[in-house]
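Here's the structure, in structure tokens; my notes come after.
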Amino acid sequence: MLKGKNIIVGITGGIAAYKTASLVRLFVKAGASVQVIMTPNAREFITPVTLSTLSGKPVISEFFTANTGQWNSHVDLGLWADAMVIAPATASTIAKMAHGVADNMLVTTYLSAKAPVFVAPAMDLDMFKHPTTTHNLELLRSYGNHIIEPAAGELASHLIGKGRMEEPEKIFEVLNRFFEQGQDLAGKKIMITAGPTYEKIDPVRFIGNFSSGKMGFALAEECAARGAEVTLIAGPVALKTSSPAINRIDVMSAQEMHDAAIKEFEKSDVAILCAAVADYAVENAVDHKIKREKDEIPVIRLKKNPDIARAIGEMKRPDQVTIGFALETDNEIENAIGKCQRKNLDFIVLNSLQNKNAGFQVDTNVITIITSDGKKMEYPCKPKTEVAKDIINVLAKDYLKGMA
Ligand code: PMT
């Protein structure tokens with residue numbers, strides 16, 4: 001998707017600068033034209049010769065090129081670019097970008113850029129956690145920049161935590177996806193539930209299920225990549241989101257997920273209910289750890305949880321679309337149709353636990369989409385990211401086209 005695209009790669013003075021050489025190489029290999037702009041401090045971490053060799057263009061660092069006296073026009077560069085990526089972005093550059101300080105070629109070009117800007121922060125744990133940095137990143141987000149969240153792990157300081165620049169392959173993939181999709185969901189607000197819910201027995205134990213959140217998170221990334229504003233209501237999962245267009249709300253229990261979903265659905269155009277919600281909560285949950293008694297086996301009494309999909313189906317306005325999932329082990333089609341009708345869904349995505357490449361935990365899924373008017377569409381086994389595309393294609397083509 002990046003073939004023929006003009007990409008400015010901005011490099012600032014952080015140890016992760018060495019990784020940006022691989023990013024430049026990935027862009028060039030994909031057929032993009034790359035112009036590297038380095039801050040003066042970045043040149044201390046990686047040599048411009050490496051980057052000009054990989055990009056096939058002299059690196060720009062200053063407003064004027066020494067010897068020739070040639071002026072490097074930040075305005076022309078800003079107009080030339082289809083995308084600008086700043087990786088690594090130090091706390092200092094982020095602060096300058098957030099407050100319009102144009103004291104070097106990179107930040108000046110950023111202020112002139114008309115193209116989407118992607119920022120991959122990299123810094124020490126405490127610098128990243130500092131309220132100033134958090135605030136500056138929020139400002140950059142609010143200006144429409146795409147923040148590629150840093151990963152957690154061992155940092156150059158040997159501290160362990162969040163602050164490591166995301167890997168070049170991931171940054172490349174974010175841009176690839178951005179250009180791959182048209183923005184056919186621009187202006188739409190989409191609410192997605194994902195992952196399991198945990199129902200507390202006592203402070204150390206819960207009833208849960210095997211959902212990893214992978215399917216729901218893939219849907220969220222897909223919708224965001226196509227221009228939607230996404231609210232992702234996530235049960236307890238170990239996944240991260242990468243798109244800045246995803247507003248994530250973390251919840252624990254079915255009741256918490258229900259409350260968040262009801263509140264968000266009011267302002268949503270679409271709800272996708274992908275979470276594996278516990279049907280029952282523990283009625284006799286206690287707030288102290290249940291001790292092991294020698295002769296007594298504790299009894300857990302259950303009570304019904306709210307059915308989120310059903311509640312949303314009852315609230316649904318004619319201008320809203322709702323999509324559910326059905327996870328079945330037998331009588332699959334019949335059960336899925338029943339759920340689609342009872343929960344007033346526009347369509348339901350059936351995945352079967354009969355297939356070991358489908359459902360919980362795995363990276364793939366095998367789905368059948370069943371619409372409220374009885375149409376069935378079967379799909380082969382695909383990665384969940386591709387399955388998400390298939391589902392969203394149906395939503396965009398058959399349900400949102402022509403909707404204001
Ligand atoms: O998270 P992964 O590991 O990637 O796995 C993905 C998945 C298997 C969890 C996902 O693809 C899936 O099938 N999710 C729905 C699982 C489920 O709970 O199905 P169900 O048939 O019990 O529920 C039917 C529908 O009602 C679902 O849309 C569910 O979100 C919704 N529901 C169910 C119960 C409840 N109390 N509230 C609900 O909203």
Side-chain angles (χ1 to χ4, degrees), residues 191-199 207-222 232-239 241 251-262 264-265 268 270-281 302-316 321-370 372 379 381-388 390-392 395:
M191 179 194 96
I192 300 172
T193 65
T197 61
Y198 285 0
E199 307 303 327
I207 297 176
N209 62 63
F210 295 112
S211 172
S212 64
K214 286 178 188 169
M215 190 65 248
F217 275 56
L219 283 160
E221 295 290 351
E222 179 64 18
L232 175 64
I233 305 173
V237 292
L239 299 178
T241 51
V251 295
M252 182 77 80
S253 65
Q255 187 64 53
E256 285 172 19
M257 187 175 273
H258 168 270
D259 296 350
I262 297 297
E264 289 301 320
F265 185 57
S268 303
V270 178
I272 308 178
L273 303 147
C274 184
V277 187
D279 288 316
Y280 301 97
L302 300 177
K303 61 178 180 191
K304 258 193 169 173
N305 264 332
D307 185 329
I308 303 167
R310 200 165 185 154
I312 275 173
E314 282 164 13
M315 289 169 68
K316 184 162 110 180
V321 180
T322 55
I323 303 166
F325 272 73
L327 182 64
E328 302 294 339
T329 52
D330 44 58
N331 290 335
E332 302 169 343
I333 300 280
E334 246 173 65
N335 289 341
I337 292 173
K339 283 177 185 171
C340 191
Q341 288 167 351
R342 281 196 303 281
K343 299 182 190 227
N344 191 21
L345 301 164
D346 289 277
F347 67 86
I348 195 157
V349 181
L350 165 66
N351 43 189
S352 166
L353 280 183
Q354 303 269 19
N355 191 322
K356 67 176 179 15
N357 297 316
F360 288 137
Q361 300 278 332
V362 286
D363 290 329
T364 53
N365 211 351
V366 186
I367 61 159
T368 303
I369 290 180
I370 305 169
S372 58
Y379 296 82
C381 179
K382 295 183 185 186
K384 281 181 176 163
T385 47
E386 294 299 311
V387 173
D390 288 336
I391 297 167
I392 300 307
L395 167 71

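For this chain, numbers begin at 1 and follow the sequence in order. Order of appearance sets the numbers: ligands from 1, and atoms from 1 within every ligand. Here the structure is a predicted model, which means the values were calculated and not measured.
For a threshold of 3.5 Å applied to N or O pairs, the pair formed by Cys274 and ligand 1 contains at least one separation below that value. Of the N or O atoms in Ile308, one or more lie within a sub-3.5 Å distance of an N or O in ligand 1. Checked against a 3.5 angstrom limit, the closest N/O atoms of Ser212 and ligand 1 fall inside it. On a distance-only criterion, Thr193 and ligand 1 share no N/O pair closer than 3.5 Å.
When only non-hydrogen protein atoms are considered, atom 28 (O) of ligand 1 lies nearest to Leu273 O, 2.7 Å. Annotation: atom 25 (C) of ligand 1 to nearest protein heavy atom, Phe325 O, 3.0 Å.
Within the 4.0 Å heavy-atom shell around ligand 1 one does not find Ala311. Residue contact annotation: Gly213 has a non-hydrogen atom under 4.0 Å from ligand 1. Residue contacts with ligand 1: Gly195 is excluded, as none of its non-hydrogen atoms falls under 4.0 Å.
Counting heavy atoms under 4.0 Å from ligand 1, residue Lys384 touches it through the side chain alone. Heavy atoms of Gln361 found under 4.0 angstrom from ligand 1 belong exclusively to the backbone. Here Ala254 has no heavy atoms under 4.0 Å from ligand 1, in either its backbone or its side chain. Under 4.0 Å from ligand 1, heavy atoms of Ala309 appear from its side chain as well as its backbone.
The side chain to side chain contact (heavy atoms under 4.5 Å, CB included) search around Thr241 returns Phe217, Glu221, Leu232, Ile246, Arg248, not counting sequence neighbours. Legend: residues meeting side chain to side chain contact (heavy atoms under 4.5 Å, CB included) with Asp307, ordered by chain and number and at least two apart, are Ala309, Arg310, Lys343.
Proximity to Lys214 (heavy-atom distance under 4.0 Å) selects the following atoms of ligand 1: 1 (O), 2 (P), 4 (O). For ligand 1, the atoms sitting less than 4.0 Å from at least one non-hydrogen atom of Gly324 are 28 (O), numbered in the order shown with element in parentheses.
Evaluated by nearest non-hydrogen atom to atom 13 (O) of ligand 1, the leading choice among Ile323, Asn351, Ile348, Asn335 is Asn351. Among Lys339, Lys343, Arg342, the residue whose heavy atom sits closest to atom 26 (O) of ligand 1 is Lys343. Counting heavy atoms only, Asp279 comes closest to atom 34 (C) of ligand 1 of the residues Ile312, Leu345, Asp279.
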